[in-house]
Amino acid sequence: MDLNEANRLLDPTPMPLELGYERLPNGVLHVACRTDLHGCTGEMFEWWFRSRPNTQQYVWWHPVDHVSSGWIGGDSSTHIGSIHKVEEFFTGLPSAKLLVQFRPNEEFFDADLYQKARKEGRISASVCGHTGMSWDAPALPDGRLLGGRLLHIGRNTPWGCALRSHFYMGQDLPLIGKSPKEIEEMIPDAFGMRCFSIATTSPHSSRDSFHPCSLLRTVQPMK
């Protein structure tokens, strides 16, 4: 699924790739994961990012791979407009220093289709953004990071929240003239395999293991 097909995530109908990774024709590496968050709602998932988790809280999310968490810009009223400055491991690789710049949903989805999906309950959470593969990742003149994309889309269920996570590694590389072969050399399939492994073997991918929703059920302000 190309990034320009992201509107498909507004429909809960299963897609051909829900778990796994694929190499797109332009060389971009697409990783898809699904996580069943028992006892968690979409609102709680979005609140987690709005709350700007510190290093200790970020380590609770993934005690093995997460190292540090900091924030640049924005405030606690919304995650949109802030940059998450993190350090983490990718299943056996050296730790990576990354930036995640949270962007408006309309940048990724048709605005009318998105609002309709929200109203009808087909989605209950959306946390999307640009990713930079270093703490000094390049950016466009308007401030948008150059690198990859991430999309977290949640849907409430009777048992909690079904979370679809999609990552587009090297999304901007074709725009700066990199060929599919060059992109594959820069971001090999093994990297996608490791990213996928984190999601499918992490502590929060199991119903009985700890995940942030355990904390959310305790500390999130209730309306």
Side-chain angles (χ1 to χ4, degrees), residues 1-38 40 42 45-46 49 61-62 65 88 90-93 96 98 100 102-103 105-110 113-114 116-118 120-133 147-157 159-175 178-207 211:
M1 183 183 77
D2 288 328
L3 182 62
N4 60 15
E5 300 177 276
N7 284 329
R8 294 171 64 183
L9 293 172
L10 304 178
D11 184 343
T13 302
M15 297 186 297
L17 184 66
E18 292 281 354
L19 288 165
Y21 61 93
E22 62 179 346
R23 179 72 58 177
L24 300 178
N26 62 358
V28 172
L29 187 63
H30 171 216
V31 180
C33 306
R34 171 177 162 138
T35 307
D36 292 343
L37 299 178
H38 291 258
C40 180
F45 183 79
E46 287 189 347
F49 289 94
W61 176 274
H62 199 306
D65 285 329
E88 58 186 73
F90 286 91
T91 315
L93 293 176
L98 311 171
V100 182
F102 297 110
R103 304 286 302 175
N105 298 306
E106 293 76 15
E107 185 174 317
F108 305 91
F109 307 102
D110 177 273
L113 293 177
Y114 178 84
K116 189 171 187 290
R118 276 277 192 176
E120 295 177 354
R122 288 185 277 116
I123 64 170
S124 59
S126 177
V127 176
C128 304
H130 292 222
T131 59
M133 295 303 289
R149 303 290 187 276
L150 69 80
L151 297 89
H152 293 303
I153 303 298
R155 174 175 53 86
N156 287 346
T157 70
W159 41 261
C161 179
L163 179 68
R164 284 166 153 174
S165 299
H166 287 253
F167 307 89
Y168 290 85
M169 311 295 185
Q171 177 65 28
D172 294 316
L173 293 179
L175 301 178
K178 296 298 182 181
S179 69
K181 182 178 180 181
E182 289 175 312
I183 296 173
E184 185 170 357
E185 291 174 350
M186 296 171 67
I187 309 173
D189 287 355
F191 186 74
M193 184 181 298
R194 289 186 172 98
C195 292
F196 176 70
S197 176
I198 290 174
T200 56
T201 63
S202 71
H204 67 271
S205 64
S206 165
R207 175 175 183 171
H211 57 64

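For the single chain, residues carry numbers from 1 onward in sequence order. This structure is a prediction, so every number in the text was calculated from the model and none was measured.
- Of all non-hydrogen atoms in Phe109 and Asn7, the two that sit nearest each other are CA-OD1, 3.3 Å.
- Proximity of a side-chain donor or acceptor of Asn156 to a complementary backbone N or O of Gly42 within less than 3.5 Å is detected.
- A search for side-chain contact (heavy atoms from CB on, under 4.5 Å) contacts involving Pro180 returns nothing, not counting sequence neighbours.
- Of the possible polar contacts, none joining the Glu46 side chain to the Val127 backbone as a donor-acceptor pair under 3.5 Å is found.
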**Q.** Trace of the side chain to side chain contact (heavy atoms under 4.5 Å, CB included) decision for Arg149 with Phe108
**A.** CA-CA 10 Å; Arg149 303 290 187 276; Phe108 305 91; 3.9 Å; yes
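- Atom SG of Cys33 is separated from atom CG of Leu163 by 9.0 Å, given to the nearest 0.5 angstrom.
- In this structure the side chain of Glu88 never reaches within 4.5 angstrom of the side chain of His62, judged on heavy atoms.
- Side-chain contact check for Val28 versus Leu173: every heavy-atom pair is 4.5 Å or farther apart.
- Ring geometry for Tyr168 versus His30: interplanar angle under 30°, hence parallel rather than tilted (30 to 60°).
- To the nearest 0.5 Å, atom OG of residue Ser165 and atom CG of residue Leu150 are 8.0 Å apart.
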Q: Begin from the C-alpha positions of Leu3 and Leu151 and carry the test side chain to side chain contact (heavy atoms under 4.5 Å, CB included) through to its verdict.
A: CA-CA 10 Å; Leu3 182 62; Leu151 297 89; 3.8 Å; yes
Q: Show your reasoning for whether side chain to side chain contact (heavy atoms under 4.5 Å, CB included) applies to Ile183 and Met169.
A: CA-CA 9 Å; Ile183 296 173; Met169 311 295 185; over 6 Å; no
Q.
Between Asp2 and Leu24, is the side chain to side chain contact (heavy atoms under 4.5 Å, CB included) condition met? List the steps.
A. CA-CA 7 Å; Asp2 288 328; Leu24 300 178; 3.4 Å; yes
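- Of the possible donor and acceptor atoms, none in the side chain of Glu184 sits under 3.5 Å from a partner among the backbone N and O of Lys181.
- In this structure, His166 and Leu17 approach most closely via the heavy-atom pair CE1-O, 4.0 Å.
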